[in-house]
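Worksheet: one structure, shown below.
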Number of protein chains: 2
Amino acid sequence: MLNKVAIISTSILLYKVGGILSLRSQLLKGILEGCILSIINMQPAYGYELSVKLQQFGLSDVSEGSIYPILLRLQKEELIKGEMRASESGPKRKYYKLTEKGYEALQLFTHHWELIKEPVDNIIEQGGNAHGSD
Amino acid sequence: MLNKVAIISTSILLYKVGGILSLRSQLLKGILEGCILSIINMQPAYGYELSVKLQQFGLSDVSEGSIYPILLRLQKEELIKGEMRASESGPKRKYYKLTEKGYEALQLFTHHWELIKEPVDNIIEQGGNAHGSD
DNA sequence: GTAAGCTACTTTGTTAAACAAGGTAGCTAT
DNA sequence: ATAGCTACCTTGTTTAACAAAGTAGCTTAC
């Protein structure tokens with residue numbers, strides 16, 4: 001059974017596709033990568049764990065189909081390094097930690113995030129209430 | 001002459017392609033649309049004007065190749081409505097203003113932006129200084 | 001002991017947004 | 001008339017998130 005429901009159009013107003021807002025998916029572009037670097041910087045983490053932690057931070061429903069490709073990409077870029085370790089219960093886990101290069105990339109991401117966030121906040125602040133009384 | 005220069009890789013560390021940081025391009029995904037709605041909400045604006053205003057707000061070097069497709073898309077979605085007006089000097093301008101639906105989309109964007117921004121800020125705050133000095 | 005369910009990792013194909021690049025055309029000044 | 005600016009539009013490329021589907025180890029229930 002296909003889970004795709006009535007994609008009304010391609011733009012900002014919409015909507016439920018498999019239960020998840022698809023606007024978010026666009027807003028997240030490029031951001032997840034930095035968040036994952038940041039969480040790994042707190043302490044080494046494995047993929048499944050990241051999906052839980054992202055959720056705890058409020059980034060709900062980030063699918064494994066997003067996380068694992070990012071991890072593979074980051075590893076290929078040598079921003080993170082993986083290491084298999086046995087688990088006390090369950091399959092082995094691939095723990096990733098930042099490389100030096102990865103730490104630099106995290107700094108860069110943080111900087112760029114600020115460079116985006118501030119203008120956007122200003123634009124929203126000035127444009128948000130122009131039309132007035134909701 | 002192609003302007004494409006040594007794309008070293010595809011990820012977060014990099015860089016100069018035709019003189020513009022390409023990380024930014026990913027971070028902007030979905031955000032520009034909301035910013036444009038917000039600026040138009042301040043007062044009706046035309047494409048060329050938007051590129052100037054975005055720059056003034058700190059979103060530098062947003063190309064017209066980004067802006068005009070967004071305007072066409074928003075118009076097709078009936079979030080904005082265009083109207084040609086003569087200019088005192090130069091070619092005619094297509095002024096866009098928000099529709100009611102566009103105003104609702106702006107509210108929605110603002111909400112989603114907050115839902116993304118807060119977790120990301122928290123993640124960066126906790127992960128940013130874990131590795132310590134610098 | 002075997003079936004169900006959870007943990008954990010991986011891959012493929014689709015969708016969509018930003019952008020470079022290139023183009024059209026009106027208006028102004030030289 | 002021709003150069004330069006204003007203003008708009010379009011095509012093709014790149015890339016990230018995601019759904020979906022798959023593999024396999026381990027644990028618990030029966």
Side-chain angles (χ1 to χ4, degrees), chain A residues 1-5 7 9-12 14 17-36 45-52 54 59 61-75 82 84-96, chain B residues 1-5 7 9-12 14 17-36 45-52 54 59 61-75 82 84-96:
Chain A
M1 167 204 175
L2 286 195
N3 201 6
K4 192 172 286 186
V5 182
I7 301 179
S9 104
T10 64
S11 188
I12 202 171
L14 349 111
V17 179
I20 292 184
L21 294 166
S22 65
L23 201 204
R24 218 217 23 185
S25 160
Q26 287 306 321
L27 286 181
L28 274 182
K29 290 282 162 80
I31 293 176
L32 263 184
E33 188 168 315
C35 289
I36 286 175
Y46 56 98
Y48 196 80
E49 183 186 5
L50 283 166
S51 72
V52 175
L54 285 168
L59 257 25
D61 297 308
V62 177
S63 83
E64 298 176 47
S66 304
I67 292 172
Y68 287 106
I70 290 175
L71 290 174
L72 293 178
R73 207 194 314 149
L74 292 175
Q75 191 175 33
M84 294 302 288
R85 279 192 240 159
S87 163
E88 292 164 20
S89 65
K92 285 198 286 187
R93 299 162 172 171
K94 195 162 181 185
Y95 282 85
Y96 290 97
Chain B
M1 166 208 176
L2 288 194
N3 199 10
K4 194 172 287 188
V5 182
I7 302 177
S9 105
T10 64
S11 188
I12 202 170
L14 349 114
V17 178
I20 292 184
L21 294 167
S22 65
L23 200 207
R24 220 223 13 192
S25 160
Q26 287 306 322
L27 286 181
L28 275 182
K29 290 282 164 79
I31 293 176
L32 264 184
E33 187 169 315
C35 289
I36 285 176
Y46 56 98
Y48 196 79
E49 183 186 6
L50 283 166
S51 72
V52 175
L54 285 169
L59 257 23
D61 298 307
V62 177
S63 84
E64 297 177 47
S66 304
I67 292 171
Y68 287 107
I70 289 175
L71 289 173
L72 294 178
R73 206 192 316 149
L74 292 175
Q75 192 174 33
M84 295 301 289
R85 280 192 239 159
S87 163
E88 293 164 18
S89 65
K92 285 200 283 186
R93 299 162 174 173
K94 195 164 181 184
Y95 282 85
Y96 290 97

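Chain letters run A, B, ... following the sequence lines, proteins first and then strands; every chain starts at 1.
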Spacing of [X] atom [atom1] relative to [N] atom [atom2], expressed in whole Å:
X: A/I67; N: C/dT7; atom1: CD1; atom2: P; answer: 14 Å
X: A/I31; N: D/dA16; atom1: CD1; atom2: P; answer: 13 Å
X: B/M84; N: C/dC27; atom1: CE; atom2: P; answer: 11 Å
X: B/L59; N: C/dA18; atom1: CG; atom2: P; answer: 11 Å
X: A/R24; N: C/dA16; atom1: CZ; atom2: P; answer: 16 Å
X: A/L50; N: D/dA17; atom1: CG; atom2: P; answer: 13 Å
X: B/Q75; N: D/dC9; atom1: CD; atom2: C1'; answer: 12 Å
X: B/E49; N: D/dA7; atom1: CD; atom2: P; answer: 9 Å

Worksheet, complete the sentence: Reading nucleotides 25-30 of chain D from 5' to 3' and marking B where a protein heavy atom lies under 4.0 Å of the base, S where only the sugar-phosphate is that close, and - otherwise, the string is BSS---

Worksheet item: Want to settle it: does B/Y68 or A/I70 sit nearer the 5' end of DNA chain D, counting the closest nucleotide to each?
Response: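 In this pair, the answer is B/Y68.
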
With a 4.0 Å limit, can you tell me whether [X] has a side-chain N or O closer than that to the phosphate oxygens OP1/OP2 of [N]?
X: B/R93; N: C/dG26; answer: no
X: B/Y46; N: D/dA7; answer: yes
X: B/R73; N: D/dC9; answer: no

So if I take every side-chain heavy atom of [X] and compare against [options], which nucleotide ends up nearest?
X: A/S87; options: D/dA16, C/dA8, C/dA16; answer: C/dA8
X: A/S63; options: D/dC18, C/dC19, D/dC9; answer: D/dC18
X: A/L72; options: D/dC18, C/dT11, C/dC19; answer: C/dT11
X: B/Q26; options: C/dC19, D/dA16, D/dC18; answer: D/dA16
X: A/Y48; options: C/dC19, C/dC9, D/dC18; answer: C/dC9

Would you mind classifying the nucleic acid contact of [X] as base, sugar-phosphate or nothing, using non-hydrogen atoms under 4.0 angstrom?
X: B/G65; answer: base
X: A/L71; answer: nothing
X: B/K29; answer: base

Who are the side chain to side chain contact (heavy atoms under 4.5 Å, CB included) partners of [X], not counting sequence neighbours?
X: B/Q75; value: B/L72, B/I80, B/K94, B/Y96
X: A/S63; value: A/S66
X: A/S51; value: A/I67

Fill in: Non-neighbouring partners of B/Y46 that pass ring-ring contact (aromatic ring centres under 6.0 Å, His included), sequence neighbours left out
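Partners of B/Y46 under the ring-ring contact (aromatic ring centres under 6.0 Å, His included) test: B/Y95.
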
Discussion item. side-chain contact (heavy atoms from CB on, under 4.5 Å) for A/K29 and B/Q26? Distances and angles first, verdict last.
Written reply: CA-CA 6 Å; A/K29 290 282 162 80; B/Q26 287 306 322; 4.2 Å; yes

Worksheet item: Do the side chain of A/E64 and the base of D/dC18 come within less than 3.5 angstrom through a donor-acceptor pair of N or O atoms?
Response: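 No pair found.
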
Item to complete: For the pair B/E33 and B/R73, find out whether any cationic side-chain nitrogen is under 4.0 Å from an anionic carboxylate oxygen.
Response: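 Here B/E33 pairs with B/R73 in a salt bridge, since their nearest N and O are under 4.0 Å apart.
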
Item to complete: Would you sort out whether A/L50 and A/I70 count as a side-chain contact (heavy atoms from CB on, under 4.5 Å), showing the intermediate values?
Response: CA-CA 11 Å; A/L50 283 166; A/I70 290 175; over 6 Å; no

